[in-house]
Amino acid sequence: MAPPASYPGKSFWDSILGWLPAWLGFVLGLAAGVILIIIGVVGDTERAGLIAFGIAAIASVGIAWWSGSRQEPRINPKEKSLGAYLSRIEQIPWLIILGLFVVAVIIVLAT
């Protein structure tokens, strides 16, 4: 359970964004990925960089969800959680996500 708002060890961002449900970040990440792919495909010229970032975003959300929910898989309506938290992701999935975006940056620079 999340600490109360008056908890002194709570970070600035936790106190500002703590009221948002945990799954919202995953939904926004998926939406951003889909939007990037659509813009990359529909634009005047095909923009490989936008498509690469869109694919990286969607894959990253999937990896983060899988890894974060695998740590403590449970749905908790009181915590507004569908079972996955970014804070519970292991190191290897974080490195894979970083690698996806490094590849996307290389594609942007190469095209």
Non-neighbouring partners of [X] that pass side chain to side chain contact (heavy atoms under 4.5 Å, CB included), sequence neighbours left out:
X	result
L50	L36, I39, R47
L28	L24
I106	V102
I55	I37, I51

Please determine whether residues V103 and W94 belong to a single hydrophobic cluster, defined as Ile, Leu, Val, Met, Phe, Trp and Tyr linked transitively by side-chain heavy-atom distances below 4.5 Å. no
Are L109 and L98 in one and the same hydrophobic cluster, where Ile, Leu, Val, Met, Phe, Trp and Tyr link if side-chain heavy atoms are under 4.5 Å apart?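 No, no single cluster joins them.
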Closest approach of V108 to G49 (non-hydrogen atoms, all atoms of both residues):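 What the structure gives for the nearest pair is CG2-CA, 3.4 Å.
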Write down the atom of A104, the atom of A56, and the distance for their closest heavy-atom approach.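 Heavy atoms only, the tightest pair is CB-CB, 4.4 Å.
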Could you grab the distance from atom CD of E90 to atom CG of L95, nearest 0.5 Å is fine?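 Spacing of CD (E90) from CG (L95) equals 11.5 Å.
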Kindly assign one of parallel, tilted or perpendicular to the pair W65 and F26, based on the angle between their ring planes and the thresholds 30° and 60°. perpendicular
Using a 4.5 Å cut-off on heavy atoms from C-beta on, say whether the side chain of I107 contacts that of F53. no
